[in-house]
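The block underneath contains the structure these notes are about, expressed in structure tokens.
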There are 2 protein chains.
Amino acid sequence: MSIDPKTAMATADDVAKLVGVSRWTVNRAFKPNASISPKSRAKVMAAAEELGYAPDLLAASLASDRSNLVALLIDDFANPHKLQIIEQLTRILRGHGWDTLLVNTLNAADAPSALLTASQRRVDAAVLIGVQFNDQELESALGARRVRKLILFARQSENPNTISICCDDQAAMTTLTDYVGEQGYTRPLFVAGPQTTSAHLLRKETFVSRWQQVHAQQLPFVAVPAYDPQLSYQAVADHLRTDGERPDILVCENDALAMGAMDALRFEFNLRTPDDIAVIGFDDVPQAATPQYQLTTYRQPIAEMVNALVDVLKGTADMETLNQFSGQLVVRASA
Amino acid sequence: MSIDPKTAMATADDVAKLVGVSRWTVNRAFKPNASISPKSRAKVMAAAEELGYAPDLLAASLASDRSNLVALLIDDFANPHKLQIIEQLTRILRGHGWDTLLVNTLNAADAPSALLTASQRRVDAAVLIGVQFNDQELESALGARRVRKLILFARQSENPNTISICCDDQAAMTTLTDYVGEQGYTRPLFVAGPQTTSAHLLRKETFVSRWQQVHAQQLPFVAVPAYDPQLSYQAVADHLRTDGERPDILVCENDALAMGAMDALRFEFNLRTPDDIAVIGFDDVPQAATPQYQLTTYRQPIAEMVNALVDVLKGTADMETLNQFSGQLVVRASA
DNA sequence: ACTATCTTTGCACACGGGTGCAAGTCTCAT
DNA sequence: ATGAGACTTGCACCCGTGTGCAAAGATAGT
């Protein structure tokens with residue numbers, strides 16, 4: 001083996017010595033647009049390969065004040081949609097030269113500490129996704145202030161210190177509400193997620209107010225404490241057992257809730273979807289397309305949104321359109 | 001706002017100046033077991049809070065040769081089991097002071113490049129999980145040699161440069177094989193994942209050879225190109241359509257394949273589980289417990305395995321037992 | 001051959017903190 | 001009061017690379 005991993009890694013100085021140039025020439029060889037002659041670069045690269053040299057990104061970050069690191073804060077692992085987002089985010093960011101620090105935030109109280117850690121790693125940005133984060137803490141928490149860019153992904157925010165990249169939830173839910181009405185449903189039950197005080201989705205509010213506006217009818221809802229199919233199963237089952245009048249459609253804040261709800265209908269009450277009770281979700285997770293769910297849902301343009309994130313990181317984003325992405329209704333059998 | 005994020009971050013020197021001590025005293029205040037008087041520490045912490053100071057982990061990594069960073073390489077996002085592993089790994093590692101760099105490796109050819117990036121960030125270890133990684137590349141790839149510790153998680157390896165933390169797959173599959181026999185099944189079909197040449201699971205081999213040993217019977221199998229329920233659905237459907245004799249149980253390399261297979265049985269052939277064909281999986285993903293699957297499966301002790309990873313990182317691990325974890329058979333309705 | 005111009009290379013200084021040791025300070029028994 | 005021993009603090013040097021500028025080298029036109 002030519003390189004002994006026990007010995008110290010080769011540095012640019014080592015390569016420089018071997019080639020007979022200065023250290024700076026070596027580092028330039030590794031920069032795409034650096035001013036260096038093709039000949040020097042070739043010699044450097046050859047020597048680098050021989051020594052197993054690769055530039056130290058830590059030292060580079062320290063010196064340059066850019067880490068090419070993005071922190072991703074997630075607290076919601078029961079929701080399969082997160083896996084999709086993680087996949088696309090890590091893949092696309094990596095394609096543009098950013099690495100991803102994945103931080104599992106245990107709960108809202110833990111988020112400030114997670115942000116602090118991220119800031120100590122000098123991340124170029126921290127992306128909060130599905131995190132239950134208190135808007136006030138976004139102001140006061142030390143970590144929040146230390147992070148260069150604070151980005152809420154797939155979630156709205158009124159906090160001016162924050163950049164929000166998301167769908168126009170109101171427009172999306174309006175589309176969905178109208179669809180529900182057009183299909184002739186008259187007794188919707190909204191299945192909502194955690195009722196946080198801030199940084200939350202406007203889906204329930206939009207659906208309820210839009211429905212009320214068109215149908216002049218108050219709507220009941222169920223609140224599930226987390227975006228977890230099992231909790232949704234429980235909550236929906238409990239609700240249907242206690243409440244007298246049966247809804248004809250469950251409008252769910254996302255697919256995780258929708259799938260749990262649908263399971264409850266089927267296995268607790270032996271009800272069929274959509275014949276007995278229809279179900280509609282949000283996110284279009286992979287499981288939504290499987291034959292047992294065939295879930296009608298709304299798909300967010302995640303890849304586009306991640307590309308917008310890249311623009312934000314590069315500083316070339318159009319800040320006006322960042323929270324106005326529009327997705328599409330995916331009609332399947334469930335509603 | 002007391003801290004302007006646009007201005008430079010406070011450094012230990014700034015805090016030192018404010019308190020009237022040396023920089024080293026400031027840094028000591030942030031180390032749990034450093035030699036510093038409680039009084040100094042209190043003064044330092046107060047000043048630090050005032051200035052919004054927190055130690056720079058990049059600079060610390062550079063100077064100390066420990067990054068407290070672990071790279072996690074994953075290429076298999078269609079498998080919901082990955083989400084469980086990611087969740088536990090990030091949570092437990094964070095509890096012990098390690099951060100996680102999540103790298104989405106596109107395919108086997110991409111893994112060396114991902115490892116190289118990780119090594120450039122000076123990760124303390126790179127954890128390969130479910131990655132289709134060529135064993136030869138584990139020898140030759142630059143990134144593989146530059147990484148301090150190379151760990152295969154939930155996967156065996158014969159490569160001596162590699163540390164493998166996993167179940168005793170043979171023992172697990174033997175348990176499972178015997179269970180299948182005891183339940184009276186006589187025509188198993190094995191549903192296998194990608195047939196890579198190395199670093200793969202020994203589940204198929206173990207099941208087939210064990211079955212053959214006991215029942216003196218050759219076994220058919222299906223190979224699915226990825227651990228993706230949809231691909232499993234297709235492969236199983238195709239197989240059952242073409243092959244004449246119908247198996248009485250599908251033994252699947254993991255739950256992702258098992259769920260896809262079960263869907264195929266139900267929706268392509270209108271067969272019921274386990275009455276018409278039983279199904280058995282591996283991993284015990286959350287979905288396996290839902291009423292529509294009720295999947296009999298084998299649960300690996302992920303938390304224990306992650307704790308072993310922590311021991312490896314700390315250098316206190318018992319290397320002998322690292323690939324001999326044992327999980328448990330979870331019997332549900334599907335087989 | 002000589003100068004104007006462009007390209008390539010080298011360098012001082014900076015980034016923020018860790019390590020091990022030596023000097024300084026304090027405590028307490030004598 | 002004094003000295004041994006324990007606890008605190010300060011310091012020189014190092015980790016590996018980026019930045020902007022100045023010097024050196026190459027190129028082309030006359």
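The basis for the numbers below is simple: all heavy atoms, side chains too, and nothing from hydrogens, waters or symmetry mates. Naming convention: chains lettered A, B, ... in sequence-line order (proteins, then strands); numbering from 1 in each chain.
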Item checked: Stepwise ring-ring contact (aromatic ring centres under 6.0 Å, His included) test for Y53(B) and F30(B) -> CA-CA 11 Å; Y53(B) 168 78; F30(B) 283 86; 5.4 Å; yes

Next item on the list: Take D99(A) and R94(A), measure what salt bridge (charged side-chain N to carboxylate O under 4.0 Å, His left out) needs, and give me the verdict at the end.
Entry: CA-CA 6 Å; D99(A) 286 326; R94(A) 187 154 103 86; 6.0 Å; no

Next item on the list: Given salt bridge (charged side-chain N to carboxylate O under 4.0 Å, His left out), test D124(A) with K314(A) step by step and report yes or no.
Entry: CA-CA 10 Å; D124(A) 292 336; K314(A) 288 182 177 167; over 6 Å; no

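In terms of polar N and O atoms assigned as donor or acceptor, the side chain of W24(B) never comes within less than 3.5 Å of the base of dT8(D) in a complementary pairing. R28(B) contributes a side-chain N or O that forms a donor-acceptor pair with the base of dG10(D) under 3.5 Å.
Note on S61(A): nothing from the nucleic acid sits closer than 4.0 angstrom, heavy atoms only.
A heavy-atom distance below 4.0 Å to DNA chain C is reached by these residues of residues 15-23 of chain B, ordered by number: R23(B).
For S64(B) and dC15(D), the shortest distance from a side-chain N or O to OP1 or OP2 is not below 4.0 Å. N27(A) has a side-chain polar atom (N or O) that falls below the 4.0 Å cut-off from OP1 or OP2 of dG18(D).
Annotation: K149(B), atom NZ; neighbour count of heavy atoms from other residues, nucleotides and ligands within 6.0 Å is above 12. Atom CD of E320(A) sits in a sparse spot, with 12 or fewer heavy atoms from other residues, nucleotides or ligands closer than 6.0 Å.
One atom, CG of D56(A), and another, C1' of dC15(C), lie 13 Å apart when rounded to the nearest Å. Atom NZ of K39(B) and atom C1' of dT8(D) are 11 Å apart (whole Å). Protein atom CZ of R146(A) is 11 Å distant from nucleotide atom P of dG16(C), rounded to whole Å. Here the C1' atom of nucleotide dG18(D) and the NZ atom of K31(A) are 6 Å apart, to the nearest Å. Remark: C1' of dC15(D) and CE of M9(A) are 14 Å apart, rounded to the nearest angstrom. Atom P of nucleotide dG24(C) and atom CD1 of I36(B) are separated by 20 Å, given to the nearest angstrom. Between the P atom of dG16(D) and the CZ atom of R66(B) lies a distance of 17 Å, rounded to the nearest Å. Rounding to whole angstrom units, CZ of residue R122(B) and P of dC14(D) are separated by 16 Å.
Residue S37(B) has its side chain nearest to dT8(D) when only dG17(C), dT19(C), dT8(D) are considered. Side-chain atoms of T25(B) lie closest to dG10(D) of the nucleotides dT8(C), dG16(C), dG10(D). Which of dG18(D), dG17(C), dC15(D) sits closest to the side chain of A63(A) comes down to dG18(D). Checking dT17(D), dT9(D), dT9(C) against the side-chain heavy atoms of S35(B) singles out dT9(D) as nearest. Proximity note for A12(A) (side chain, C-beta onward) versus dG16(C), dG18(D), dT17(D): the nearest is dT17(D).
R122(B) and S67(B) are not linked by any side-chain donor-acceptor pair at a separation below 3.5 angstrom, with hydrogens and angles left out of the test. Between the side chains of E87(B) and N104(A), at least one donor-acceptor pair of N or O atoms lies under 3.5 Å. Side-chain contact check for T105(A) and D75(A): no donor-acceptor pair (N or O, by modelled atom type) lies under 3.5 Å.
Both L62(B) and S40(B) lie near DNA chain D, and the one whose nearest nucleotide falls closer to the 5' end is S40(B).
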